[in-house]
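Accompanying notes for the structure given below.
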Amino acid sequence: MREQGGHAGVEQSCRPITDILTRVGDKWSVMVVMLLGNGTKRFNEMRRLIGGISQRMLTLTLRGLERDGLVTRTVFPTVPPRVDYALTDMGRALLIPISALGTWAYVHRDAVDAARLAFDARNEVV
């Protein structure tokens with residue numbers, strides 16, 4: 001059903017993907033997916049490898065990725081329990097666009113830095 005202005009259909013069709021894009025576009029999710037792209041990891045190993053992430057944020061990120069079907073969590077009945085995280089097939093498929101985005105960011109980092117400096121100079125941002 002189309003409301004006046006024609007935006008209702010667009011809003012309705014965008015809603016389902018907004019949640020997904022919010023998850024996969026989050027910087028910590030991107031970092032975790034890229035890290036797990038190199039193979040299964042344990043929680044503390046990921047925390048060590050991802051600089052600046054808190055234990056709580058890593059926990060929330062992994063739970064969200066698991067909920068969305070991108071990551072599996074395997075608990076081994078040892079003392080203390082061992083927990084491994086790995087990408088699912090869908091998570092591995094996400095590596096393709098995430099890697100492309102990472103490559104783009106790496107290639108264009110100097111140009112982005114220069115653009116920021118020029119913008120800040122024009123707008124007297126401190």
Side-chain angles (χ1 to χ4, degrees):
M1 176 183 228
R2 197 174 164 140
E3 294 180 7
Q4 287 184 338
H7 297 294
V10 172
E11 289 176 20
Q12 288 290 62
S13 65
C14 287
R15 229 175 251 142
I17 63 168
T18 299
D19 290 341
I20 295 169
L21 292 175
T22 298
R23 166 76 55 224
V24 300
D26 169 82
K27 79 173 182 176
W28 297 123
S29 294
V30 168
M31 297 293 289
V32 167
V33 169
M34 289 179 67
L35 188 61
L36 290 176
N38 294 323
T40 301
K41 301 280 185 282
R42 292 184 184 176
F43 184 91
N44 285 329
E45 182 181 8
M46 283 189 284
R47 187 161 176 228
R48 215 177 30 257
L49 292 169
I50 302 173
I53 193 167
S54 68
Q55 181 172 336
R56 175 168 165 69
M57 184 52 66
L58 181 54
T59 298
L60 292 173
T61 300
L62 287 166
R63 282 185 186 162
L65 291 169
E66 184 181 7
R67 180 175 182 249
D68 290 347
L70 301 170
V71 168
T72 59
R73 178 179 185 267
T74 305
V75 180
F76 296 91
T78 58
V79 178
R82 181 177 132 205
V83 181
D84 286 352
Y85 293 90
L87 292 178
T88 62
D89 288 342
M90 190 165 47
R92 280 189 292 282
L94 181 59
L95 277 172
I96 296 165
I98 283 181
S99 294
L101 184 59
T103 299
W104 178 90
Y106 183 79
V107 167
H108 292 91
R109 69 191 185 285
D110 292 337
V112 169
D113 286 343
R116 288 175 177 170
L117 287 171
F119 178 90
D120 292 351
R122 286 191 313 270
N123 294 284
E124 298 181 40
V125 174
V126 179

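Throughout, numbering of the chain's residues begins at 1 and tracks the sequence.
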Inset, instruction - Could you tell me the separation between the NE2 atom of His108 and the CG atom of Asp113, rounded to the nearest 0.5 Å? - result: 13.0 Å

Legend entry - Heavy-atom donor-acceptor pair, Arg92 side chain to Leu87 backbone, under 3.5 Å: yes

Legend entry - Contact check, side chains of Met46 and Leu58, non-hydrogen atoms, under 4.5 Å: yes

Legend entry - CG-CD1 distance between Leu101 and Ile96, expressed to the nearest 0.5 angstrom: 14.0 Å

Inset, instruction - To the nearest 0.5 angstrom, please state how far the CD1 atom of Ile53 sits from the CZ atom of Arg48. - result: 14.0 Å

Legend entry - Arg42 side chain near Val83 side chain, heavy-atom distance below 4.5 Å: no

Legend entry - Minimal non-hydrogen separation, Thr88 against Gly69, with atom names: OG1-O, 2.6 Å

Inset, instruction - Tell me, yes or no, whether the heavy-atom count around Tyr106 atom OH, taken from other residues, nucleotides or ligands under 6.0 Å, exceeds 12. - result: no

Inset, instruction - Enter the distance from Ile50:CD1 to Thr61:OG1 here, rounded to the nearest 0.5 Å. - result: 8.0 Å

Legend entry - Arg63, CZ: over 12 other non-hydrogen atoms inside 6.0 angstrom: no

Legend entry - Shortest non-hydrogen contact between Val33 and Gly91, atoms and distance: CG1-O, 4.1 Å

Legend entry - Greater than 12 external heavy atoms within 6.0 Å of Arg67's CZ: no

Legend entry - Value rounded to 0.5 Å, distance of CG in Leu95 from CE in Met34: 8.0 Å

Legend entry - Sub-4.5 Å side-chain heavy-atom contact between Leu62 and Arg73: no

Legend entry - Common cluster, Val71/Leu21, ILVMFWY with side-chain heavy-atom separation under 4.5 Å: yes

Inset, instruction - Flag the pair Val32 / Lys41 as yes when at least one side-chain heavy-atom distance between them is below 4.5 Å, and no otherwise. - result: no

Legend entry - Minimal non-hydrogen separation, Val75 against Pro81, with atom names: CG1-CB, 4.4 Å

Legend entry - Minimum heavy-atom distance Trp28-Met57, with the two atoms named: CD1-CG, 3.3 Å

Legend entry - Test item: Asp68 and Ile20 side chains (from C-beta on) under 4.5 Å apart, heavy atoms: no

Inset, instruction - Look up atom CE in Met90 and atom CG in Leu65, then write down how far apart they are to the nearest 0.5 Å. - result: 10.0 Å

